[in-house]
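One structure below.
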Amino acid sequence: MSYAYLFKYIIIGDTGVGKSCLLLQFTDKRFQPVHDLTIGVEFGARMVTIDSKPIKLQIWDTAGQESFRSITRSYYRGAAGALLVYDITRRETFNHLASWLEDARQHANANMTIMLIGNKCDLAHRRAVSTEEGEQFAKENGLIFMEASAKTAQNVEEAFISTASTIYKKIQDGVFDVSNESYGIKVGYGGIPGPSGGRDASASQGGGCCS
Amino acid sequence: MQEAELHDLADDADYAASQQQGSASLMRSDSSRRSSGSEPDGAEVVYLKDNVTIHPTQYASERISGRLKLTKQGPSLFMTWIPYKGQGSNAKLSERDRNLYTIRAVPFTEVRSIRRHTPTIGWQYIIVVLSSGLAFPPLYFYNGGVREFLATIKLHVYLVRSAEDANVFLVNDIQDRLQRTLSSLELPGAVGVASGLSSSLPVGESLSIANQERTDGGSFDGSASHVQNNGRQRQKVQDPARDLSIQVLEKFSLVTRFARETTSQIFGESHSDGYGASERRAHNQTPHNYSSSGISNDVEKVPDEVPVASDPLEFEKLTLELGKPRQAPLMSNEWSTFFDSEGRITDSEALRKRIFYGGVDYMLRKEVWPFLLGYHPFDSTYAEREYLVSVKKTEYETIKNQWQSISSDQAKRFTKFRERKGLVEKDVVRTDRSFSFYDGDDNPNVNLLRDILLTYSFYNFDLGYCQGMSDLLSPILFVMKNESESFWCFVALMERLGPNFNRDQNGMHTQLFALSKLVELLDSPLHNYFKQNDCLNYFFCFRWVLIQFKREFEFERTMRLWEVMWTRYMSEHLHLYFCVAILKRYRRKIMGEQMDFDTLLKFINELSGQIDLDATLRDAEALCVCAGENGEACIPPGTPPSLPIGDGSLYPQQDDDIL
Ligand SMILES: Nc1nc2c(ncn2[C@@H]2O[C@H](COP(=O)(O)OP(=O)(O)OP(=O)(O)O)[C@@H](O)[C@H]2O)c(=O)[nH]1
Ligand SMILES: [Mg+2]
């Protein structure tokens with residue numbers, strides 16, 4: 001299927017926070033509580049529409065276990081977006097965010113859009129991290145933030161799509177040179193990159209080229 | 001400026017010590033005269049150690065001794081290890097092996113970590129891991145000096161002890177973050193390191209079976225098919241005795257032809273008029289005319305594809321039989337013939353061979369696996385085994401009791417235990433739950449997985465629990481059905497595969513390094529392709545190796561593959577040849593579509609469920625035979641699943657005050 005752009009996403013965060021479940025909910029619209037734990041990396045893909053343009057999201061669901069980090073780091077390269085996930089019922093998964101963020105900043109490209117997700121918000125009665133704390137962390141680190149549930153599908157669609165919108169906006173603003181694939185963006189057939197090669201035809205809707 | 005540096009170094013005790021070693025002064029380069037030709041201009045030797053040795057095989061006679069040096073050039077520190085020419089045990093060392101193992105001036109910007117091993121008996125050794133993820137073979141310090149080595153490095157680059165493992169030293173971990181990011185992210189840097197060993201090979205020396213066996217060393221750059229073809233023609237004239245390995249190679253060409261046809265059937269709708277058809281046409285001509293094969297076929301206009309260097313093992317198109325066909329699994333009537341009257345297996349070699357070629361009937365696995373895994377000795381009697389089982393059952397209960405007796409109150413003050421238990425509990429409910437033996441709510445078998453894994457983490461507290469173990473245990477429990485027996489079979493398996501789960505991934509890196517060497521040996525064009533495309537870390541094979549292809553095949557087939565590997569009949573490292581065999585089956589697609597690291601990783605992931613087990617096993621067998629000793633030499637001693645070499649403690653946690 002043809003697309004205007006292809007964005008590479010990575011999903012990162014501690015083991016068991018629900019990365020694979022979020023992906024499955026997004027790609028297949030189902031919750032599979034006994035999904036196998038992830039070794040290395042798994043892949044998913046889905047088309048979304050942003051600004052009436054078809055955009056393909058290619059999603060890399062990485063293994064969360066600490067000792068696999070030296071391997072999973074090599075998957076960050078060239079990601080346009082990252083979903084950084086913690087589990088609102090397990091405080092330690094929130095405490096580890098800083099180290100995940102550091103990894104991402106070190107091994108991914110600097111313009112990567114990062115969405116912080118507090119998952120399992122259906123388990124409000126077991127909550128160990130407040131929404132405000134999540135917001136605060138996101139604000140301090142310049143991340144987008146949402147609480148979501150892979151089980152009820154709450155905010156799952158929104159999380160993936162608003163990340164895509166942000167990336168799309170960055171393209172329009174000329175933050176990315178889309179011809180350089182290290183930014184995790186591929187231009188597809190419907191992409192119609194403007195004459196500069198780095199601008200979409202609809203750039204005028206976004207920030208002007210002088211801003 | 002050089003003066004100043006020299007002066008500084010002369011003050012340094014390590015440097016002074018290295019001067020005493022003798023020849024260090026010769027190593028000082030005044031740019032006109034360089035001692036070994038391997039030091040960069042203006043380099044200063046800051047550390048030098050003789051008799052630092054690698055053990056390419058388990059045979060003492062094949063060890064290679066050399067000189068390890070640290071040199072400093074400007075702000076950069078380099079490590080070099082050069083084998084001695086023809087002395088002592090190096091006397092038999094071929095120039096090719098010398099080149100294969102030589103470590104030429106690796107800059108420390110490209111080193112990620114150094115792991116020190118201090119066995120209670122035997123020599124200290126280190127393993128140097130590069131930021132590309134590859135590692136050099138263990139370097140044994142026959143004359144000691146690991147400590148000075150590390151101390152010297154510390155004087156020149158930022159070196160910190162890993163917080164997770166006191167024997168791991170991280171290079172440039174903080175200070176040089178930018179540098180490291182660049183070297184691990186930016187392709188060219190990483191490629192350079194990753195190929196540390198091989199890039200230093202003169203092209204003519206690159207290992208190609210075809211070249212080595214069939215020509216007298218005509219130049220061969222591994223990527224231009226016409227050169228190979230020349231080689232072949234020359235070979236035709238030479239016509240040496242057709243020894244076994246050549247015959248295997250010939251047979252192998254048919255295996256890969258079959259593989260290629262399968263590949264193009266699976267993937268090739270879009271190019272069924274492209275290489276698929278032309279390949280078939282080409283292969284149907286028998287006997288095949290060499291000079292018209294290679295190039296013309298490979299370059300034939302295939303939409304969206306580029307010409308692919310031909311497979312060096314695939315040069316004879318004769319209609320010979322395939323390598324040994326797979327047999328039917330071992331059944332109980334045949335199984336009983338292997339025992340003497342007291343229950344000893346008298347000819348274990350024959351048994352292992354039988355299972356290697358056919359596997360085991362599913363009803364028999366419960367009896368056979370404990371032998372293959374090494375839990376039951378082949379020469380034990382019925383009575384001895386019965387006794388062992390009962391003793392081991394008690395022992396299991398004792399260990400299990402250790403964690404079961406931890407009260408919830410005590411657990412509150414025992415974070416490590418709580419974390420471990422939490423992790424295991426989280427993982428067993430995510431292991432093979434779609435398989436009927438483990439499905440449904442409150443499945444008792446899932447609880448058994450948990451109990452066994454937790455007990456194992458107390459049996460081997462240093463290694464503990466790590467993800468991937470539940471994948472390895474699951475088929476064992478399914479086969480053995482019995483808790484204590486499953487545990488001891490798992491223990492036996494972990495004797496060999498434990499290092500896969502080392503926190504520093506050292507066991508994995510060693511295997512991936514060996515794999516890269518094997519591909520270089522058995523398919524140098526593919527190796528070169530990986531090198532050019534920054535894929536030499538072989539991370540795309542990580543899951544294959546970590547859990548022994550468990551996720552690549554359905555349950556029954558995984559068990560078949562495992563029992564074949566556990567025979568250790570052809571090689572202890574059949575799994576690596578199996579990796580090469582899969583890669584070779586898809587080499588055309590990989591290279592033809594110019595897959596980059598990301599695409600390749602995704603492609604390999606998605607091969608899950610697509611791999612033809614029997615055919616790939618045959619390929620692996622053939623590869624193993626044709627690689628022969630050269631293949632084994634690619635695999636450093638102690639590479640899992642070999643038993644660890646002369647090292648009392650597998651997972652050393654000792655402290656040391658040098659840093
Ligand atoms: N209640 C609830 N449970 C969830 C939710 N998402 C995931 N889970 C559960 O959390 C467990 C872990 O989810 P996974 O998606 O496998 O976790 P992961 O982050 O992919 O873990 P690794 O692959 O080990 O890195 C699963 O067994 C799910 O049952 C959620 O939104 N709500
Ligand atoms: Mg997962």
Side-chain angles (χ1 to χ4, degrees), chain A residues 6 8-10 14-21 32-45 58-80 87 89-90 92-93 96 99 102-110 112 181-182 184 186, chain B residues 112-113 129 131-133 164 177-178 180-181 184-187 190 419 422-423 425-434 438-441 446 464 466-468 470-471 501-505 508-509 512 534 537 539-544 546-547 550-551 596-598 601-606 608:
Chain A
L6 183 148
K8 171 177 169 179
Y9 277 19
I10 50 172
D14 277 11
T15 177
V17 296
K19 299 181 293 298
S20 301
C21 288
Q32 159 77 286
V34 295
H35 185 283
D36 280 356
L37 66 96
T38 308
I39 304 269
V41 64
E42 275 153 30
F43 294 87
Q58 189 195 77
I59 305 151
W60 295 46
D61 166 27
T62 65
Q65 178 170 283
E66 175 68 29
S67 62
F68 294 154
R69 282 234 212 157
S70 63
I71 308 283
T72 48
R73 276 186 199 116
S74 69
Y75 306 147
Y76 292 19
R77 185 162 72 204
D87 176 348
T89 69
R90 276 164 60 218
E92 68 273 20
T93 67
H96 293 158
S99 105
E102 188 184 291
D103 245 23
R105 295 257 148 91
Q106 217 180 104
H107 296 275
N109 95 64
M112 183 168 76
E181 288 190 359
S182 71
K186 281 185 185 155
Chain B
R112 178 172 180 82
S113 67
V129 180
S131 43
S132 64
E164 287 145 31
R177 206 155 256 177
L178 174 67
R180 198 177 81 196
T181 308
S184 63
L185 292 187
E186 291 305 328
L187 326 189
E419 281 175 2
L423 190 54
E425 279 168 351
K426 234 175 227 61
D427 286 354
V428 291
V429 297
R430 297 188 292 157
T431 304
D432 292 325
R433 296 300 296 285
S434 53
Y438 294 110
D439 72 2
D441 293 340
V446 175
C466 189
Q467 285 185 341
S470 65
D471 275 87
F501 301 98
N502 274 350
R503 244 155 283 289
D504 65 353
Q505 298 289 313
M508 288 300 299
H509 287 308
L512 296 178
D534 197 26
N537 60 24
F539 284 172
F540 50 89
C541 297
F542 177 78
R543 188 172 76 188
W544 290 0
L546 184 83
I547 50 171
K550 163 77 161 36
R551 301 275 180 105
D596 59 10
F597 179 81
D598 280 15
L601 185 71
K602 184 160 183 290
F603 172 71
I604 298 279
N605 248 262
E606 287 165 0
S608 172

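For the pair A:V34 and B:R430, the minimum side-chain heavy-atom distance is 4.5 Å or more. Taking 4.5 Å as the limit, some side-chain heavy atom of B:F597 sits within range of a side-chain heavy atom of A:R77.
Your options are A:G78, A:S74, A:G40, A:S20, and the one with the most heavy-atom pairs under 4.5 Å with chain B is A:S74. Options B:L423, B:D596, B:L601, B:D504 differ in how many heavy-atom pairs under 4.5 Å they form with chain A, and the most are formed by B:L601. Note: A:R90 leads A:R90, A:K8, A:R69 in heavy-atom pairs under 4.5 Å with chain B. Listed options B:T431, B:D471, B:I547, B:D598 were ranked by heavy-atom pairs under 4.5 angstrom with chain A; first place goes to B:D598. Contacts with chain A were tallied for B:M508, B:K426, B:E606, B:R503; B:K426 has the most, counting heavy-atom pairs under 4.5 Å.
Closest approach of B:N605 to A:E42, counting heavy atoms only: OD1-CA, 4.2 Å. Among all heavy-atom pairs drawn from B:S470 and A:L37, the shortest one is OG-CD2, 3.9 Å. Closest heavy-atom contact between B:Q467 and A:T38: OE1-O, 4.0 Å. A pairwise comparison of heavy atoms in A:V41 and B:R543 identifies O-NH1, 4.2 Å as the closest pair.
Of the atoms belonging to A:E92, not a single heavy atom falls under 4.5 Å from chain B.
A donor-acceptor pair under 3.5 Å links the side-chain atoms of A:D36 to the main chain of B:D432, judged by distance alone. The backbone N or O of A:I71 sits nowhere less than 3.5 Å from a side-chain atom of B:Q505 that would complete a donor-acceptor pair.
Remark: of the listed residues B:F501, B:F542, B:F539, B:F542 is the sole one forming a ring pair (Phe, Tyr, Trp, His ring centres under 6.0 Å) with A:F68.
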